[in-house]
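Each remark here refers to the structure printed beneath this line.
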Amino acid sequence: MVESKEQNEHLRDIANLCYRCKKCSVICPVAPSGRFNPRKFIQEINLETPGRLKKGRKFCDTEEDIWVCLTCGQCRVCPQGLEIPEMVREIRKEVREQVPNDPRFTATETHMNIFPIAFELMRKNPKPAQKQTILNQYASIQKWPALEMAQTGSIAYYPGCFNLYEHALVNLHVQQTLTAYAIIRFLNLTGITPVVANDYCCGHDALWAGDEETFLSFGKRNIEIWKAAGVKTILVSCAEGFRTLSVDYPKYFPEFSFQVEFAADYFDRNQIFKKIRGFEVKCRSIVTVHDPCRSGRLVDGGHYESVRNLLQNLIFLEIVEMPHNRDEARCCGVASFRNCTDYARDMTRKRIKEAMKVGAKYIVTTCPKCVSHFQCVTLNEAAALKAKFGKDPPKVMDLFSFIYSAYNANDLL
Amino acid sequence: MTHDVQVIQEQTATCECSEKSPVSAVTFTPHTNEGKFYPHILMFCCNWCSYAGADLAGVSRFQYPASVRIIRVMCSGRIDPAFILEGFRRGADGVLLTGCHIGDCHYLKGNEYTRDRMVHVKPLLQIIGINPQRFRLEWISASEGRKFADIVKEFTETIQKLGPFELKE
Amino acid sequence: MLEVNRDPRVKLHTLTEVKKVSGQVGDFKLEVLHNPKYVTDKCNGCLACVDTCPAWGIDAYNERFSPRKAIYKAFTQAVPAKVVIDMVDCVRCGTCIKKCEQKAINLDEQPTTEILNVGTIIVATGWDEYKPPKGFLGYGVYDNVVTQMEFERLLAPNGPYFGHFARPSDNKVPKSVLFVQCVGSRDINKNPYCSAGVCCMVSVKNSKLIKQENSEIDVAVAYIDMRCAGKMYEEYFRDAREYGVRFIPSSVTRIKERKDKSLEVVLDINEPVKQIFDLVILSCAIVPSTTANNINQVLSLQMTPDGFFKEYHARLNPIDAQVPGIAFAGVSQGPKSIAESIMQARGAATSLGTIMHKGSFKLEMIKAIVNRDRCSRCGLCVTACPYNAIILEPDGIARVNDVLCRGCGTCAAICPSTCIDLRNNRADQYQVVIDKLFEEESPA
Amino acid sequence: MEYVKKLPNVVVADDDLSLCTDTGADHIKKLMNDNKANRLVVAACTPKTHLPVFQAVLLGMNLDPSYLEFVNLREHLSFVHMKDKTGAQRKAKDLLRAATARAALLEPVPVKMVPVKKSVAIIGGGVAGIQAALDLAKNEFEVHLIERKETIGGKMAMLDRTFPTDDCSI
């Protein structure tokens, strides 16, 4: 905790490095809405004396609506290296402490606030969900082979909040269970039995909504659970989970001593698919990769190539790139299930249109939130998109769900 | 929403036909009833079928446990899974959602939405770590007073077997 | 009927179908399609054309028992009293054009569309007779098995036998007649409901009419139970028995034709008994008109599982539809007799007349409201709304039509932005109730 | 009763044997006026039958009729928990607590008037359609009688004679 506070002040101290090049406000997808502008936000910080700023009070009644920022990190183009998303997060936390029911905060609620409620319930719960049981139930329903999962071991797979989105956002086909199943199944096929612990949600959404308390309680218990299981390496397939575990956990928990690896990286580095006997999967389709901010811009060294390399394993698959890719990837529109607004939706639409213009039949990504937001548009506005482009909108899938579906069908069109 | 005067007049009434008003001074015993676990169940009833069913159960004097707290909604289609989680968050031991039978909805197909949406509630509870048996979806028509009482009885027994909700503060 | 035609305030649109309905109470727009009659309004009904017409078709009015010309008037008292041409039967010889003094015939008439702008709508789509599947109790195979409506024509003075009924196979007066009740009704495999006793009463009436015509004829009715509930109905039933009609509590399961075209019927009276009848009449169920479904597709009202329109409330308001400004009359809402149909029709006229007389309709505004600032323009509420009450404005923001919205709240539950809610049934109001219900101790 | 009085926002609570009578209404009016109350919670029978009664009371006081919250103490409580007095007591308290809290959040429901054209379309020219057309035409409304077939009359015109008077159908 002490550490993070120092970090806060440090973040702010460098706000005066800004020389108003306006790169951030030009690239910021929210700025045109007129409710949030990163450059103005930095200026607000600079205008105040550090003493007043410490309490974040300024932002309780400023015009800059810090809850509107998507923390997508496109503003990281900053030539002075200002971490605007991180700053926003710190300010959010302070504002939340001072005004518990900030009307501007409640105004960003989406989905009847189901996710914060679910997280609060999870937090209270001393006995989290039996993930192994749920996974094997899923396997038996699908009539797929059962998974081998260990209770203790050195390599763990962290499914994160697991199938929460899948069931909270009905009809959007966010196949989180399939993703988890696919990864464990592929690992099993190469003789690896990963630990799947009954861990908690990583606390990403709570953290970015300024609710540090929930985040800390999740983190603490997760670390205990992993320690008890004797885990050394943790594989994370979800981009948000990866960012939280690899960047935020070490920052907040000095005792965090695990090696965190992005599942796609691990698969690529160890050539998992090459090791699976008879892995000759045909897939006559065209995919494009949407790079989520959480596994790209917002972590060091953007994990872009591994995803593409894994897709190369599929025979006949054509990978096309959208004009904005890798570090410049456009935002899916919504972060931490807040602020589903018209401009947020326009962003989602724009990204889908980008994918359609390059002729993709599938959009493959690694973030379940990107999947759900893209699906919301492709499924609900299919008719309008079809009218405009003369073809069906692309399907959106998680990387591992996509590969597993192709592997299962051996020719996914 | 703000009001200049926020005052409420309270009336407790009993018609000649009803029992003596239960709101007479009886000491408040929290949480247990003669040593037995006494569940609190949140129940949503749609205005047109289930609420009328509950009324019929009343008029017919079908006795059922005093565990349910009924909230009247216009249509079961109004119920978002968030309401159910909200109930658990506030400390309900179980949540019972009732609506009109499929095809019988006062609002054409509101209950079909409910049905489709509620398929996902049990897995959702499972992942949060709540026993899915604590939630139930039932169709009760306005003429099924007996069924209403039976379902409440049965569900209360289920919850009693499960014990108090683990996450209650 | 004639009165309707004479009244200047009633516009008759025959051979017309409703294709599309938009708008709401107070201002409905009906798109109607006028099918061609091929005869203009100049026709004075002299019927000279009918005599000259060389082409023949089957007379739908007389069920299947008699032919009619391709140019025809439906029946003597038809309203409007003009002829029409059935293009299926017409050979386009043009004889009628030459014969017509009024120059009223135009064989090249095309269908036309018209928009009717009205304040309210009455749905009176009526009914059809249940047609038994071919071969069921010999229907459609044996000539002398007919349905009740067909028999009405055999009996009618303007029917094929001019009021002196005969059996269809040999045009001879039958010696014995059997009515079979509950065909296609009260049967969970066909129609589970009872047609409200109408078919019972029709059989009582027709059996009595046969006896009045010729008391020599043996008339029997095979019934499950006679449902003669209504004013003077029981007395009417007693009358029939006094005329000598035999009412046999029995269900008929098998009918076989004999060489002389008479029918061998197996009646189950404690044990199977064979009896011979010359004519068998099937008292078939009343089923919703085939057009009811089409009409419902344009009006999107609610139907009960049996296909009749669903009223607002079975007890408290059996006349109005759930959509304001629409009412039901007659069998469209459920099987009923003529008297009941007229009762409901007058009820519907009063119900809608009240609104129209007042000139305005009062709406309780427990309706969905949209928080325009938060709407993400996703359109999910539009697809969720059962009443099509929500549309997206040109700028993409959802707008609720207060008249069509009935306040179910389905949209509120589906909205991802939590921006649409029901007035006075808001989520925060529910949440406060949930909160307070489970508060452990009293705050005081 | 004592419990209810202590709840937040409650200014007055009283009981009466028959609230739905005129005297009951007067009683409510007097209490509300004396205590300057502007929301009413009725804890009695089912709102499905008695809501309009108490809405009328509020209307009589120039208050919006939606400022009314109902607690169903009869059908949902005293009738069904006859043997469990303690449980019923607790449930009643819970319900009243929730109802008073909700009452504070009630909002006025406006009433909207929409103009209605004085014309009617009747779909179907059978006996019911004809009768409705005649009735409405007599009331000077413009009637459009829409019939799918070439003549009006429907099934009725195909009948010979009709029960129970055996008169001609046309």
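Residue numbers start from 1 in every chain, and the chains themselves are labelled A, B, ... in the order their sequence lines are given, proteins ahead of strands.
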Quick one: what part of [X] sits under 4.5 Å from any heavy atom of chain D, side chain, backbone, both or neither?
| X | answer |
| --- | --- |
| C:L30 | side chain |
| C:N62 | neither |
| C:V32 | side chain |
| C:A60 | backbone |
| C:K362 | both |
| C:M343 | neither |
| C:N424 | both |
| C:L209 | side chain |
| C:K205 | side chain |
| C:S289 | side chain |
| C:V202 | both |
| C:I338 | side chain |
| C:H357 | both |
| C:Y72 | side chain |

| message | Check for me whether C:R9 meets the cation-pi criterion with D:F141, that is, NZ or CZ under 6.0 Å from the six-membered ring centre and within 45 degrees of the ring axis. | response |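 Pair C:R9/D:F141 does not count as cation-pi.
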
| field | Audit row: C:D402, D:K112, salt bridge (Lys or Arg N to Asp or Glu O under 4.0 Å) steps and yes/no | value | CA-CA 9 Å; C:D402 287 330; D:K112 191 176 171 183; 3.2 Å; yes

| said: If we ignore hydrogens and angles and just use 3.5 Å, is the side chain of C:Q429 paired with the main-chain N or O of D:L105 as donor and acceptor? | reply: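 Yes; at least one donor-acceptor contact below 3.5 Å.
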
| task | Before giving the answer on salt bridge (Lys or Arg N to Asp or Glu O under 4.0 Å), spell out for C:R426 and D:E107 the whole-Å C-alpha distance, their side-chain angles and the decisive distance to 0.1 Å. | result | CA-CA 10 Å; C:R426 297 193 316 264; D:E107 59 189 315; 2.6 Å; yes

Quick check: closest heavy atoms across [X] and [Y], and the distance to 0.1 Å?
| X | Y | answer |
| --- | --- | --- |
| C:Y430 | C:N425 | OH-OD1, 3.1 Å |
| D:V4 | D:A13 | CG1-CB, 3.9 Å |
| C:R153 | D:M158 | NH1-O, 2.6 Å |

Would you mind telling me which of [options] has the largest number of heavy-atom pairs within less than 4.5 Å of chain C?
| options | answer |
| --- | --- |
| D:S119, D:S66, D:A98, D:G129 | D:S119 |
| D:V120, D:D166, D:N139 | D:V120 |
| D:V127, D:T162, D:D135, D:T165 | D:D135 |
| D:G126, D:P65, D:P115 | D:P115 |
| D:K149, D:E142, D:E147 | D:E147 |

| task | Assess the pair C:Y233 and D:F163: is the distance between their ring centroids shorter than 6.0 Å? | result |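 Yes, they do, as the ring centres are separated by less than 6.0 Å.
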
Name the member of [options] that forms the most heavy-atom pairs with chain D at distances under 4.5 Å.
| options | result |
| --- | --- |
| C:I295, C:I342, C:V18 | C:I342 |
| C:T16, C:L155, C:V433 | C:T16 |
| C:K367, C:M149, C:K82, C:E63 | C:M149 |
| C:F328, C:W127, C:F151, C:F361 | C:F361 |
| C:R423, C:Q148, C:M356 | C:M356 |
| C:T291, C:V84, C:V25, C:L352 | C:T291 |

| field | Full working for side chain to side chain contact (heavy atoms under 4.5 Å, CB included) between D:N33 and D:M61 | value | CA-CA 9 Å; D:N33 281 332; D:M61 298 182 58; 3.3 Å; yes

4.5 Å side-chain heavy-atom contact, [X] and [Y]:
| X | Y | answer |
| --- | --- | --- |
| D:V42 | D:E69 | no |
| D:Y67 | D:L40 | no |
| C:K29 | C:L116 | no |
| D:T100 | D:N9 | no |

| Residue part contacting chain C, namely of D:K91, when any heavy atom lies under 4.5 Å | neither

| request: Answer yes or no: are there more than 12 heavy-atom neighbours, outside D:M113 itself, under 6.0 Å from its atom CE? | output: yes

| task | Determine the sole option in D:D14, D:D22, D:V57, D:T21 for which the side chain to side chain contact (heavy atoms under 4.5 Å, CB included) test with D:H27 is passed. | result |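 Option passing the side chain to side chain contact (heavy atoms under 4.5 Å, CB included) with D:H27: D:D14.
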
